[in-house]
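Below is one structure, written out as structure tokens, with a few remarks after it.
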Amino acid sequence: MPNQLTQSSHEKAYISLMRDLKELDFRGPSVPCNLVLIGDHAFPLAVNRQGQVLMAASVYSHGRIVVLGHEGYLTTFPALVENALNWLRGDASENLSVGVHNNVKGVADNLSTSSFQARVVGAFSDNLKVGVYVTDAYSVGADAKNLVAFLKAGGGVLIAGQAWHWATVNPKENTVSHFPGNKVSGVAGIYFSKHYVKADILPVYPQIPSSWMTLAIGKDFEYDLESLLKDVSEFDLPEALYASEVLVHGTLAFPIGTTKDRRVFLAGAHYGQGRVIVVTHESLLSNETLTSFWDNAINWLDQGRNGVVGVVPNLSLYSKHKSEKTNFRTDLSVFVCTAYSDQHVDEIHDFVAEGGGLLIGGHAWHWAQSHSGQNPMTDFSGNKILNKMGLSLLETIVRGGLYKAPVPSQAMKDNYHFRHLLRSFAGHVIQGQELIMHGEDHLTKLGRECVRFLNMEAHDSYSYTQVLSILTDVLKAGMPQVSENNPVKNPKDHLLLSVGTEVYKVCPNPDAFLPYLFKHSPIMPFVYNHRIKINANTSGGEEWLSTGLYLFPGMRTDMIIPPKILNEGWMVQIGCQTDNLKAEELKRAPRVHERFPVTTEKMQVYNLWGGLIYLVAPPNTKVEGVEVIVQIAVPAPYYKSGVTTAADWSLLRKSQSPWAELEFDNIVLTVPSHVIRDLDRPDEVAGLWNGIMKGVAELAVIPHKFARKERIVADVQISHGWMHAGYPIMMHSSIAAELVRPDDARTKGLWGEIHELGHNQQRSCSEFRPNTTEATCNLWSVYVHEEVLGLNRAKAHPSMTLTSRRSGVEEYVKGGKKLSDWKVWVALETYLQLQEEFGWDAFKKVFAAYHKMSNFPEDNKGKINLYAKTFSKTVGMNLSGFFKSWGWPIETATEEKLSNLPDWFNHPMIQYD
């Protein structure tokens, strides 16, 4: 088994390496260099106040490595060196033999009194038979290949040096690739850099040192971009192209091609001794306009070896470089493939780490669309290769276009880099430093990218846990306490609210995190091992089943699930507010519900923001009498017609859950619980809504028992409008009380709620969108108010008075009866005139006729003529003239088909002809 470190073993390794050390005094003649860390396994041992790394450790395959930022530290810190040797030889190894390069023979002198058997040598050799090899970073050039093989096979390497002096002597050389020590340490994700470090006395922390300041980019990439962009001034992507966006998150990863709004479609990275380039659609590899770039890319990836370029058989590459069709081989110099296969993942990682070049093309958006419920960051094959390299393909789409290539000397200043902006944001929140970001778009994009990065859930990766730890610190310092009375208005707080949800889901100790997110934790009575019987028949589509239980913010509970519904598409949902908010001012977090697939008999569910617990039944499912057990939860005020008794309700309505639900024959109302505290007669509310829903069904000519109960949720803020249709219908909680006041409903009406119920009854086949979208739904408002609530239409809404209706028609006529103006109240008037002449029965017969039809026209003109024919035949009268008077495009063929019916000569619009 490879010697892979998990998060806990990173910490164990750190504790072992720093055992009995209290502080490290770096003052003295040695001027160390900063160490750059990448990948899953490299972690720091010593970090200064500027976030620079002076010492680090990592693993590669079966072996281990410790890197010190100056060779002088090999003798300055003998206790640390001895700890390092113990760790490097491996947990199970009894080999105490240590090879010490002649340049650092002082190490051997220090070990003379230890249990280690040090042997000073002039160079590394396979014949040494040592467990650990100690060397400086300057003497490994000729030995690099053998040392990497030694490390890979399970050996330990202790290497020390600084690269800043080398870089000054070799200013045109790429330090990451060409500094001798990096040819060994780089395979394990640790690089000596050209930047020297301010040295001081540093404490030894009980855990791996972490600071927002460590979120630096590893190099400026100017030389890389100069090589890649030679004779390239722009990227001409086909207009019809749908590529993906790529998240550039690695310390040594960098953007190459970006859109005007800084979304990356082409990027590169250093990984180990090798290099990688990703382009987010494979067709671009064979795009002739990009030939110059692909020539440069192969040169950059090949690193002067003039080796074999292998291209997978189903792919083409436009480049002057010779290539051969082949599947992956370790003897290639550059491997060119798509992102759609996860074969050879580990081999490709080793291939690149040991110097190979990888050119990979593909997009993730189509995969994400066709793999609902899966995580693109972890499950998409391309990301299984790329994530470790600091690059990840996203499900978001980048369209084709002409995009300017960056100017190499300005690229890292102008372009967007995740780590760079996250470092600035963290410094701003934690220490009040000025943001380098200007404009909301930067912060909005950073927030989205933080969420996607966290979705990698790579808890065995130090680079992941580093970012997670820093984001946790950011949230502890700045999480806004959002509420209706304390709305969030700035992009910074928007970002924190969005990221807080994701950090809570993946942080290792969420319970310790919660007090920083919520200053006031509620104290509520629990119920234990609560049993819920499930009856579902979802012919009406996916349906939420209420449990009458609530979880307060951050509360977790286990659920025991019956085998019958396992892996059948069922979900557990926490939270009734499924609107995702994008408003400038937020009165709650943008997303406050969570869903969990039902795949195991015991599952844990939770939601940072708390919420009512639902079981979500998939479409076309029939289940009766199965039982779910919720081990701990808070009872919510929950009334169900025919089940909850008056005595039950008198107790339940006092429950401290902030949400209450009233479930009637065909609708469920979800409201803030203060709305129902004084509700003595929920049965009267049931009578109101049972009547309303019966009226909705009557006009729609559907069964009085709905295939799926409608839902209305009253929230402090919704995604758009005062109310909006859907499942559930959403409305503002400020008016939630009107839902439970039957007397008010019969005197003042419920226009808005019934308007949205009407929206849910609209059918595309008889709608002429966008004209009728906000018009025909009001037919249900008028019908229910008059036929159920006993409220005349003129009193049900101000726009329903005769004066208002007449003025609307006159204005429409004066405007030339343009169909583009025929909408909302004017469009509704057409239907009201029909109703006032032919009655509601005519509409019911028309709706019934549509239920029996098929093969409907797709275009509005065809739909309009079908409607004219259907209504005319229903009432036995030719209505062509009436509809034409309204400006409808009635075809001659329609008039001919209706010519045998008597004309409606005295229709209300005749006066305007």
Side-chain angles (χ1 to χ4, degrees), residues 3 13-21 24-26 28-30 32 35 45-46 54-162 180-185 187-188 190 192 204:
N3 185 3
Y14 174 80
I15 291 168
S16 177
L17 284 160
M18 310 308 283
R19 187 180 68 251
D20 298 329
L21 298 174
L24 296 171
D25 188 351
F26 290 97
S30 300
L35 302 177
L45 302 176
L54 291 83
M55 298 177 174
S58 186
V59 302
Y60 181 64
S61 191
H62 298 271
R64 300 176 176 183
I65 187 169
V66 171
V67 183
L68 310 183
H70 196 283
E71 66 275 16
Y73 298 154
L74 287 170
T75 51
T76 304
F77 303 112
L80 172 65
V81 168
E82 193 160 342
N83 286 347
L85 294 176
N86 275 308
W87 181 74
L88 288 167
R89 68 189 179 91
D91 298 328
S93 174
E94 296 180 0
N95 189 346
L96 295 173
S97 179
V98 177
V100 179
H101 191 278
N102 186 58
N103 287 357
V104 291
K105 61 183 180 180
V107 174
D109 296 337
N110 286 345
L111 293 175
S112 60
T113 59
S114 75
S115 58
F116 289 101
Q117 300 153 15
R119 191 187 333 166
V120 177
V121 297
F124 178 80
S125 167
D126 289 340
N127 298 323
L128 285 177
K129 304 300 181 184
V130 294
V132 181
Y133 185 72
V134 184
T135 182
D136 63 40
Y138 323 113
S139 308
V140 297
D143 298 338
K145 190 171 182 180
N146 289 334
L147 263 178
V148 169
F150 168 71
L151 178 64
K152 192 173 184 180
V157 175
L158 174 57
I159 183 170
Q162 49 81 15
N182 287 338
K183 296 180 185 297
V184 177
S185 64
V187 299
I190 304 175
F192 300 90
V204 173

Can you give me the closest heavy-atom contact between Pro180 and Gly141, atom names plus distance? CB-N, 4.4 Å
Say whether Asp109 and Ser112, considering side chains only, have a donor N or O and an acceptor N or O under 3.5 Å apart. no
Rounded to the nearest 0.5 Å, what separation is found between the CG atom of Leu35 and the CD atom of Gln162? 11.0 Å
Measuring only between side-chain heavy atoms, which start at C-beta, is Val157 closer than 4.5 Å to Val132? no
To the nearest 0.5 Å, atom CD1 of Ile65 lies from atom OH of Tyr133 at 12.5 Å
Has Ser114 got a side-chain atom pairing as donor or acceptor with Leu111's backbone, closer than 3.5 angstrom? yes
Please step through side chain to side chain contact (heavy atoms under 4.5 Å, CB included) for the pair Asn110 and Phe116, ending with a clear verdict. CA-CA 10 Å; Asn110 286 345; Phe116 289 101; over 6 Å; no
For the backbone of Ala188 and the side chain of Ser58, can you confirm whether one donor and one acceptor N or O come within less than 3.5 Å of each other? yes
Donor + acceptor pair across side chains of Arg19, Asn83 (<3.5 Å): yes
Testing the basics here: between Leu17 and Ala84, what is the closest heavy-atom pair and its distance to 0.1 Å? CD2-CA, 3.5 Å
Passing option when Met55 is tested against Ile190, Val67, Leu80, Val66 for side chain to side chain contact (heavy atoms under 4.5 Å, CB included): Leu80
Output field: ring centroids Tyr138/Phe192 closer than 6.0 Å: no
Between Val100 and Arg119, does the side chain to side chain contact (heavy atoms under 4.5 Å, CB included) criterion hold? Intermediate values first, please. CA-CA 6 Å; Val100 179; Arg119 191 187 333 166; over 6 Å; no
Rounded to the nearest 0.5 Å, what's the gap from CG on Asp126 to CZ on Phe150? Could you check? 9.5 Å
Apply side chain to side chain contact (heavy atoms under 4.5 Å, CB included) to the pair Val81 and Val107, showing each step before the final yes or no. CA-CA 8 Å; Val81 168; Val107 174; 4.3 Å; yes
Between the CG atom in Leu147 and the OG1 atom in Thr135, the distance rounded to the nearest 0.5 Å is 7.0 Å
Taking Gly122's backbone N and O only, do any of them form a donor-acceptor pair with His101's side chain (distance below 3.5 Å, no angle check)? yes
Using the rule given for side chain to side chain contact (heavy atoms under 4.5 Å, CB included), can you reason through Val98 versus Leu88, listing the C-alpha separation, both sets of side-chain angles and the distance that settles it, and then say yes or no? CA-CA 10 Å; Val98 177; Leu88 288 167; over 6 Å; no
Donor-acceptor pair, Arg64 side chain versus Leu158 backbone, under 3.5 Å? no
Backbone N or O of Gly131 within a donor-acceptor pair of the Ser97 side chain at under 3.5 Å? no
Would you say Ser139's side chain and Asp136's backbone share a donor-acceptor pair under 3.5 angstrom? no
Quick one: does Asp143's side chain have a donor or acceptor within less than 3.5 Å of a partner on Phe124's backbone? yes
Main chain of Pro32, side chain of Ser30: is a donor-acceptor contact present, judged purely on distance under 3.5 Å? no
Would you name the heavy atoms of Ser185 and Ile159 that are closest together and state the gap between them? CB-CG2, 4.5 Å
